[in-house]
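Report on one structure; see the data block that follows.
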Amino acid sequence: MDVGFFHRSAPEVAPDLIGWHLTVRGCGGTVIETEAYTPDDPASHSFRGPTLRNRAMFGMPGCAYVYLSYGLHLCLNVVCLPGHAVLFRALAPDAGMQAMMTRRGSDRKSVLCSGPGKLGQALSLSLADNGRAFDGGEFALLPGMAVGPDRVMRGPRIGLSRGLEAEWRFGLAGTAGLSRPFAPQKKNAHR
DNA sequence: GCACCGATTTGCT
DNA sequence: GCAAATCGGTGCG
């Protein structure tokens with residue numbers, strides 16, 4: 001993989017990660033939904049500079065930023081430029097299914113990884129994973145099937161009170177298991 | 001020090 | 001549709 005891939009802004013990287021393959025200790029699947037966060041974005045954890053919790057967001061590009069959401073969910077990002085990160089919101093699961101079904105308490109494929117918190121539970125993330133590199137060891141992140149730009153949907157991010165203007169949520173069209181549906185895409189909206 | 005708000009999910013009304 | 005679970009960060013006194 002080109003090391004320069006993550007040396008870009010999160011809004012550039014996020015759509016490019018759709019269709020990649022993510023695994024954590026043998027469990028995972030195809031990336032079907034992502035969101036981008038930047039340092040000058042009021043909705044981003046990095047907006048007010050580094051803290052103990054978000055320090056990984058300012059670390060090595062291509063490494064993980066794992067944080068505790070609402071006091072109980074662990075969410076996974078990949079770091080891009082300093083203060084930039086892409087949140088993995090949903091996967092189409094295909095590896096380590098048995099373990100993920102057990103952890104999620106369901107055998108329905110479409111609900112195993114259909115949200116950032118669910119994904120964290122299925123992959124059994126922990127805060128000890130914060131800062132870990134996606135180097136093919138415990139964490140792997142590799143280009144998978146090529147996805148044409150026409151199959152990547154975009155829209156406003158989920159669960160925010162600020163930063164709703166930017167359409168920095170991306171998803172693979174025609175996929176089951178998204179965290180939420182996307183609004184109908186405008187035609188002619190290239191890039 | 002204290003109250004409130006989140007990059008969420010689940011279960012109950 | 002709404003509240004609960006639960007904790008780090010932020011803002012105010």
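Lettering follows sequence order; numbering is per chain, from 1.
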Which heavy atom of Leu164(A) sits nearest to which heavy atom of Arg157(A), and what is that distance?
CD2-O, 4.0 Å
To check you understand the geometry: which heavy-atom pair defines the closest contact between Ala122(A) and Cys113(A), and what is its length?
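The answer is CB-SG, 3.9 Å.
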Determine which nucleotide pairs with dA7(B), using a 3.5 Å limit on both distances of a Watson-Crick or G-U wobble pair.
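Partner of dA7(B): none found under 3.5 Å.
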Partner lookup for dT6(C), please. Criteria are Watson-Crick or G-U wobble with both distances under 3.5 angstrom; report none if nothing qualifies.
none
Let me know the distance between [atom1] of [X] and [atom2] of [N], rounded to the nearest Å.
X	N	atom1	atom2	value
Phe88(A)	dT8(B)	CZ	C1'	18 Å
Phe47(A)	dC5(B)	CZ	C1'	16 Å
Arg162(A)	dC5(B)	CZ	C1'	10 Å
Leu72(A)	dA7(B)	CG	P	14 Å
Arg180(A)	dA7(B)	CZ	P	16 Å
Ile158(A)	dA7(B)	CD1	P	13 Å
Leu112(A)	dT10(B)	CG	P	11 Å
Asp41(A)	dA7(B)	CG	C1'	10 Å

Look at the side chain of [X] and decide which nucleotide, out of [options], has an atom nearest to it.
X	options	result
Ser161(A)	dG6(B), dA5(C), dA7(B)	dG6(B)
Pro116(A)	dT9(B), dA7(B), dG6(B)	dT9(B)
Leu160(A)	dA7(B), dT9(B), dT8(B)	dA7(B)

How far does the P atom of dC4(B) sit from the matching atom of dA3(C), given to the nearest Å?
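The answer is 15 Å between these two P atoms.
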For nucleotides dT13(B) and dA5(C), find the distance between their P atoms and express it as a whole number of Å.
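dT13(B) and dA5(C) have their P atoms separated by 14 Å.
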So what does Arg104(A) hit on the nucleic acid, given a heavy-atom distance under 4.0 Å: a base, only sugar-phosphate, or nothing?
sugar-phosphate
First of Val111(A) and Pro42(A) reached from the 5' end of DNA chain B, by closest nucleotide:
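By nearest-heavy-atom nucleotide position, the 5'-most residue is Pro42(A).
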May I have the list of side-chain donor-acceptor pairs in residues 56-76 of chain A shorter than 3.5 Å, sequence neighbours left out?
| unit_1 | atom_1 | unit_2 | atom_2 | d |
| --- | --- | --- | --- | --- |
| Tyr65(A) | OH | His45(A) | ND1 | 2.8 |

Using a cut-off of 6.0 Å, state whether more than 12 heavy atoms not belonging to Arg180(A) lie near its atom CZ.
no
Atom pairs under 3.5 Å: protein N/O with N/O of nucleotides 8-12 of chain C:
| unit_1 | atom_1 | unit_2 | atom_2 | d |
| --- | --- | --- | --- | --- |
| dG9(C) | OP1 | Thr51(A) | OG1 | 3.4 |
| dG9(C) | OP1 | Arg53(A) | N | 3.1 |

Identify whether a stacking contact exists between Tyr70(A) and dA5(C), where the ring centres must be under 5.5 Å apart and the planes under 30° apart.
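Tyr70(A) ring does not meet the centre or angle cut-off for dA5(C); no stack.
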So, taking the atom named OG1 in Thr102(A) and the one named CE in Met97(A), what distance separates them when rounded to the nearest 0.5 Å?
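If I round to the nearest 0.5 Å, the distance is 11.0 Å.
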Please round to the nearest 0.5 Å and tell me the distance separating atom OG of Ser114(A) and atom CD1 of Ile32(A).
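It is 8.0 Å, given to the nearest 0.5 Å.
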Under a single-linkage definition using a 4.5 Å side-chain heavy-atom cutoff for Ile, Leu, Val, Met, Phe, Trp and Tyr, are Val24(A) and Leu87(A) assigned to the same hydrophobic cluster?
no
If a pair satisfies salt bridge (Lys or Arg N to Asp or Glu O under 4.0 Å) and one of its residues is in residues 95-122 of chain A, list it, with sequence neighbours excluded.
none
